[in-house]
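Proteins come first, then strands; the chains are lettered A, B, ... in the order of their sequence lines, and each starts at number 1.
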2 protein chains.
Amino acid sequence: MPYDPSAFPAFAVTVDLVVLTVRRHSLCALAVRRGEPPFKGRWALPGGFVRADEDLAAAAARELAEETGLLAQDPTLPVPPNAAHLEQLATYGDPKRDPRMRVVSVAHLALAPDLPAPRAGGDAHSVRWAPVESLLDQDGAFGRDSDLAAPLAFDHARILADGVERARSKIEYSSLATAFCPQEFTVGELRRVYEAVWGVALDPRNFHRKVTGTPGFLVPTGGTTTRQGGRPAQLFRAGGATLLNPPMLRPEV
Amino acid sequence: MPYDPSAFPAFAVTVDLVVLTVRRHSLCALAVRRGEPPFKGRWALPGGFVRADEDLAAAAARELAEETGLLAQDPTLPVPPNAAHLEQLATYGDPKRDPRMRVVSVAHLALAPDLPAPRAGGDAHSVRWAPVESLLDQDGAFGRDSDLAAPLAFDHARILADGVERARSKIEYSSLATAFCPQEFTVGELRRVYEAVWGVALDPRNFHRKVTGTPGFLVPTGGTTTRQGGRPAQLFRAGGATLLNPPMLRPEV
DNA sequence: GATCATAGTCGTCTGCCTGACGATAATCAG
DNA sequence: CTGATTATCGTCAGGCAGACGACTATGATC
């Protein structure tokens with residue numbers, strides 16, 4: 001294990017972000033259009049270089065804020081209205097993943113509520129929310145006329161797929177699905193998050209029983225809302241519980 | 001997102017290994033003694049630089065083979081007798097984690113059966129299996145006379161703790177516990193793996209019912225053994241199933 | 001060889017949780 | 001007022017897990 005500082009290969013280190021949200025009953029990811037080669041004009045995940053004196057999580061939080069205006073959640077602070085969950089996903093370092101040089105990318109996963117306003121910064125033509133199926137669909141089933149038909153740049157399709165799978169499995173045994181909801185939400189809204197992330201339909205009655213019967217998962221705020229139509233629904237906030245036991249298993253195929 | 005190859009900070013990238021095994025009913029990790037500063041003489045996780053044209057997984061497999069003679073499992077090949085499970089764990093990149101320079105370490109988790117022979121290569125004084133509790137015990141409860149009393153070098157205690165937690169949670173919902181067993185093993189041996197990893201006692205009858213009743217988890221080889229004493233036990237191999245559904249939840253506290 | 005300790009294997013019972021689904025409640029659109 | 005929509009409560013059967021009794025097959029000990 002030689003440790004001569006001049007005797008190691010130099011790498012570039014980046015962070016790439018899988019930013020997920022639920023809009024219109026569909027799981028969407030943030031994509032940016034590349035303005036330079038390689039893959040110029042293609043869609044890619046947001047990301048950028050880690051600075052020389054910057055922690056990986058800090059770099060991911062900075063990129064997230066630059067692209068979306070969202071703040072990474074700090075457990076020691078009260079939750080601001082534009083907080084997103086941020087966690088490290090995995091690291092991708094295939095020597096050929098970037099044709100120009102050796103780049104190791106530490107991918108992060110961010111889960112955000114549906115943003116009412118377009119993102120701060122960046123122009124609307126080069127950054128957008130897109131349903132994950134269309135981003136992952138390499139065969140162009142979403143139509144040749146769509147500029148989303150081309151696969152994502154670099155190995156970003158793989159990174160996105162890994163991030164989606166992480167989100168899908170993690171909401172099974174944690175309360176992470178609330179990260180997709182605004183601060184106050186109804187049981188039905190939370191159920192639609194599960195349905196969008198898993199791509200299945202859930203029984204509203206059993207779901208209601210499960211989430212309201214799990215101690216610490218939801219705390220009622222006392223208010224009600226009819227924003228979904230129909231009978232007014234109770235509003236809840238996320239409770240302190242982070243681990244669901246027993247988990248809510250997604251339905252079999 | 002500027003991409004000028006000369007305009008990015010240079011990082012060193014290493015892989016560190018959390019190699020776990022079960023010996024004498026106790027979860028143990030591989031530790032190496034550092035021969036040079038910083039942290040000279042302290043115990044650390046095995047690891048080393050990623051080579052200029054080497055994939056991260058390949059670097060981890062190489063280090064694993066160098067330290068233990070174990071081969072990383074390749075799903076496309078028949079399982080050799082000295083195969084170990086290897087997966088990426090997480091990446092650690094605090095700017096101050098190495099006092100000499102900026103080093104980003106991609107930690108990997110390896111699960112291996114108890115090795116009957118000492119490791120090939122390396123001398124016995126600088127590499128050893130140690131119970132994870134003693135490695136993680138920073139307060140020296142294992143005695144000042146033990147050279148294990150000092151905490152692990154760098155942020156390796158944190159990495160080890162993350163690896164142990166990954167292993168603990170992953171054997172809940174996967175068949176990964178078989179990676180700690182030899183190719184053929186009994187239900188009782190598998191149960192002792194769970195008990196060692198979780199640090200709890202499990203009911204032998206319920207455990208037997210669960211693992212033999214889960215399709216694809218275990219396949220009987222037809223043989224029996226009495227190496228544990230008592231009534232001869234059936235021998236099994238790991239089946240094709242990798243996901244346990246429903247999972248085997250570890251008992252509450 | 002009888003006895004004992006040890007480990008493995010098969011059953012039983014009870015309670016909890018889930019999936020399926022009926023029924024009722026409270027709103028809005030016509 | 002009627003119907004559509006969503007929320008919420010209840011019921012029931014099946015599956016699974018925890019607790020634990022019973023029996024089996026070996027080696028060790030007397």
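A donor-acceptor pair under 3.5 Å is absent between the side-chain atoms of A:His85 and the main chain of A:Leu111, judged by distance alone. Looking at A:Glu63, its side chain never comes within 3.5 Å of a backbone N or O of A:Asp16 through a donor-acceptor pair. When atom types are taken as modelled, the side chain of B:Thr21 and the backbone of B:Ala112 share a donor-acceptor pair closer than 3.5 angstrom.
Whole-Å rounding puts the B:Arg250 CZ to D:dA17 P distance at 17 Å. In this structure, CG of B:Leu190 is placed 15 Å from C1' of C:dA7, rounded to the nearest angstrom. Whole-Å rounding puts the B:Gln234 CD to C:dC10 C1' distance at 12 Å. When rounded to the nearest whole Å, the span between CD of B:Glu189 and P of C:dG8 equals 8 Å. Atom-to-atom, CZ of A:Arg227 to C1' of D:dT5 comes out at 16 Å; the value is rounded to the nearest Å. Between A:Leu249 atom CG and D:dA17 atom P there is a gap of 11 Å when expressed in whole angstrom units.
Among the atoms of the strands shown, only primed sugar atoms or phosphate atoms (P, OP1, OP2) are found under 4.0 Å from some heavy atom of B:Arg191. Among the atoms of the strands shown, only primed sugar atoms or phosphate atoms (P, OP1, OP2) are found under 4.0 Å from some heavy atom of B:Arg192.
A residue-by-residue look at B:Pro246 and B:Asp203 shows that B:Pro246 has its nearest nucleotide of DNA chain D further toward the 5' end.
Side chain to side chain, B:Tyr92 and B:Asp162 meet the donor-acceptor criterion of an N or O pair below 3.5 Å.
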Give the table of side-chain donor-acceptor pairs shorter than 3.5 Å for residues 227-241 of chain B, with sequence neighbours excluded, one pair per line with atom names and distance.
{"from": "B:Arg227", "atom 1": "NE", "to": "B:Glu189", "atom 2": "OE2", "distance (Å)": "2.4"}
{"from": "B:Arg227", "atom 1": "NH2", "to": "B:Glu184", "atom 2": "O", "distance (Å)": "3.1"}
{"from": "B:Arg227", "atom 1": "NH2", "to": "B:Glu189", "atom 2": "OE1", "distance (Å)": "2.9"}
{"from": "B:Arg227", "atom 1": "NH2", "to": "B:Glu189", "atom 2": "OE2", "distance (Å)": "3.2"}
{"from": "B:Gln228", "atom 1": "OE1", "to": "B:Arg192", "atom 2": "NH2", "distance (Å)": "3.4"}
{"from": "B:Gln228", "atom 1": "NE2", "to": "B:Glu189", "atom 2": "OE2", "distance (Å)": "3.2"}

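Within the 4.5 Å cutoff, the side chain of B:Ser26 has heavy atoms near those of the B:Glu133 side chain. Residues B:Leu30 and B:Glu67 are in side-chain contact: their nearest non-hydrogen atoms beyond the backbone lie under 4.5 Å apart. A:Glu195 has its side chain out of reach of A:Pro204: every pair of non-hydrogen atoms, C-beta onward, lies at least 4.5 Å apart. Between B:Trp129 and B:Asp114 the shortest side-chain heavy-atom distance does not fall below 4.5 Å. For the pair A:Asn206/A:Leu202, no side-chain contact is recorded, criterion being any heavy-atom separation below 4.5 Å from C-beta on.
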Next on the checklist: At under 4.0 Å between heavy atoms, how does the protein contact nucleotides 24-30 of chain C? Give one character per nucleotide, 5' to 3', with B, S or -.
Outcome noted: -BBB---

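For the helix from C:dG1-D:dC30 to C:dG30-D:dC1, the axis fitted to the five pairs at one end and the axis fitted to the five pairs at the other end meet at an angle of 0° (nearest 10 degrees).
Contacts between residues 235-244 of chain B and DNA chain C, defined by a heavy-atom separation below 4.0 Å, involve no residue at all. Within residues 206-222 of chain B, the residues that place at least one heavy atom under 4.0 Å from DNA chain C are, in residue-number order, B:His208, B:Arg209.
A donor-acceptor contact under 3.5 angstrom links the side-chain atoms of B:Arg205 to the base of D:dG21.
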Next on the checklist: Apply side chain to side chain contact (heavy atoms under 4.5 Å, CB included) to residues B:Trp43 and B:Arg128 and explain how you reach the verdict.
Outcome noted: CA-CA 9 Å; B:Trp43 292 95; B:Arg128 63 175 291 184; 3.2 Å; yes

Checklist entry - After noting the C-alpha distance and the side-chain angles of B:Leu17 and B:Thr68, does the key distance pass the side chain to side chain contact (heavy atoms under 4.5 Å, CB included) rule? => result CA-CA 11 Å; B:Leu17 292 180; B:Thr68 67; over 6 Å; no

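Across A:Ser174 and A:Leu244, no two heavy atoms sit closer than the pair O-CD2, 3.6 Å.
Under the rule for a salt bridge (Lys or Arg N to Asp or Glu O under 4.0 Å), the partners of B:Arg250 that lie at least two apart in sequence or sit in another chain are B:Glu165, B:Glu172.
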